[in-house]
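All values below come from the heavy atoms of this structure, side chains included, with hydrogens, waters and symmetry mates left out. Numbers restart at 1 for each chain; the letters A, B, ... are given by sequence-line order, proteins then strands.
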Protein chains: 2
Amino acid sequence: MAEAITAERAARSLQDLGYRLTPQRMMILEAVLESEDHVTAEELYEQVRKKYPHISFSTVYRTMELLRESGFVTQTDLGGGRVQYHPVDKATHHHLICQVCGSVDEVDQDVFSGLQRELRERYNFDATLTHFAIFGRCGRCRD
Amino acid sequence: MAEAITAERAARSLQDLGYRLTPQRMMILEAVLESEDHVTAEELYEQVRKKYPHISFSTVYRTMELLRESGFVTQTDLGGGRVQYHPVDKATHHHLICQVCGSVDEVDQDVFSGLQRELRERYNFDATLTHFAIFGRCGRCRD
DNA sequence: GCGTTAAGTGCAAGTAGTTGCAGTTGAACG
DNA sequence: CGTTCAACTGCAACTACTTGCACTTAACGC
């Protein structure tokens, strides 16, 4: 968590886990890790296609699933019809999504520390709370 | 929150909010409220089709969106490819979904009370935590 | 009841993401 | 290096859900 994830380090970890290191995977991996915050599958697809025009959407989706399972990225559906991917070592903020007006507000990490601790202690569950989406009703829409 | 939601009461509320009371809506509304716990759009569609064979999927989806906005149902994507709908006055439990093995465990409501209070106090946000999905890694997959 | 009209419905086409399958290729072993 | 083979890729078909549009109808006033 403390040290930054580089594409090379992640690639070696994937290899250690028994996965093969294909050029497509390397390019997708680099593209996600280079992203400032969120990326969508389409953005990744376009990014990789510049270097490697033959890439397919299936490969992007399957690689992202692999990276998620391996713990390098998390994905969030903010309700906008497109899933957002982001590296786990970045973007430790969260979203409050109003189900009435669709507005999205950001929340600090520390609001969740109590929950996270409790889930680990009581349920032995390691919650991925690095980028969390909470649905509900904002103050403006409650009136 | 304390009193049970009946189809008639919900129907009147919808009318008060300016929505029209169509037979399709009434049947979908009854079908959700009668459901024990979760329902998918397809289950609702099949249920309503018994009485009203002309119903379309669009109507089911649009009605569920309306019921969600009006606060009668909540929806959750447990990662199984289909969204689950359920009445807000039932099923106040939550899910821990392992992103590695896909297992789903249930959690009690009280784990979230602190978070809910904090979101309301600090962000003036009324979080819908009646049926919540938390992704992460279960104890079995952390090893 | 009857007419008016904006809300609602059904259909068909569209979008994001998934999956089965045949062909390709990274990597392990000789 | 060359062979082997399961992991991986690309394609095309598919699923869940959404949306635009023309037609229908609930609800309100008369």
**Study point:** dA7(C) phosphate, OP1 or OP2, under 4.0 Å from Thr22(B) side-chain N/O
**Key:** no
Exercise for review: Send over the distance from Met64(A) CE to dT18(C) C1', rounded to a whole Å.
Suggested key: 16 Å
Practice item. Figure out the CD/P separation between Glu43(B) and dA16(D), and round it to whole Å. Key: 12 Å
Check your understanding: From dA26(D), dT18(D), dG26(C), pick the nucleotide closest to the side chain of Tyr61(B)?
Key -> dT18(D)
Review point. Phe57(B) or Gly18(B): which one's nearest nucleotide on DNA chain C is closer to the 5' end?
Key: Gly18(B)
Exercise for review: Let me know, please, whether Arg25(A) or Arg20(B) comes out on the 5' side of the other along DNA chain D by nearest nucleotide.
Suggested key: Arg25(A)
Practice item. May I ask you to test the Val48(A)-Val60(A) pair for a side-chain heavy-atom distance under 4.5 Å? Key: no
Practice item. Among the candidates dA26(D), dG20(D), dA16(C), find the nucleotide nearest to the side-chain atoms of Arg82(A). Key: dA16(C)
Review point. Can you find an N or O donor on one side and an acceptor on the other, under 3.5 Å apart, linking the side chain of Ser58(B) with the base of dC17(D)?
Key: no
Practice item. Please examine the side chains of Val32(A) and Phe72(A), heavy atoms only from C-beta on, and report whether any two atoms are closer than 4.5 Å. Key: no
Study note, to complete from the structure: In whole angstroms, the gap separating C1' of dA28(C) from CD of Gln15(A) amounts to 12 Å
Practice item. Show your working on side chain to side chain contact (heavy atoms under 4.5 Å, CB included) between Val39(A) and Val73(A) and close with a plain yes or no. Key: CA-CA 11 Å; Val39(A) 234; Val73(A) 305; over 6 Å; no
Review point. Taking only side-chain nitrogens and oxygens of Thr59(B), does any of them come within less than 4.0 Å of OP1 or OP2 of dG10(C)?
Key: yes
Exercise for review: Respond yes when some side-chain nitrogen or oxygen of Gln24(A) is under 4.0 Å from OP1 or OP2 of dG10(D), and no when none is.
Suggested key: yes
Exercise for review: Give one of base, sugar-phosphate or nothing for Glu42(B), where a contact means two heavy atoms less than 4.0 Å apart.
Suggested key: nothing
Revision key, fill the gap. Taken to the nearest whole Å, CZ/Arg62(B) to C1'/dC17(D) is 12 Å
Point to revise | Residue Leu21(B), side-chain heavy atoms: nucleotide from dA26(D), dT19(C), dA27(C) that is nearest | key: dA26(D)
Exercise for review: Return the value, rounded to whole Å, for the distance between atom CZ of Arg68(A) and atom P of dG17(C).
Suggested key: 12 Å
Point to revise | Length of the line joining Tyr52(A):OH and dC8(D):C1', which is rounded to integer Å | key: 11 Å
Practice item. Would you kindly give the CD1-to-C1' distance between Ile28(A) and dG10(D), to the nearest whole Å? Key: 12 Å
Practice item. State which of dC21(D), dG26(C), dC11(D) makes the closest approach to the side chain of Pro23(A). Key: dG26(C)
Check your understanding: What is the distance, rounded to the nearest whole Å, between atom CG of Leu14(A) and atom C1' of dC8(D)?
Key -> 13 Å
Point to revise | Value rounded to 0.5 Å, distance of CG in Leu96(A) from CD in Glu106(A) | key: 9.5 Å
Check your understanding: What nucleic acid atoms does Tyr45(A) come within less than 4.0 Å of, heavy atoms only: base, sugar-phosphate, or nothing?
Key -> nothing
Point to revise | Interatomic spacing from NZ in Lys50(A) to CD1 in Ile55(A) - rounded to 0.5 Å | key: 14.0 Å
**Study point:** Residue whose nearest DNA chain D nucleotide is more 5′ - Val83(B) or Tyr19(B)
**Key:** Val83(B)
Practice item. Can you label the angle between the Phe57(A) ring and the Tyr45(A) ring as parallel, tilted or perpendicular, going by 30° and 60°? Key: parallel
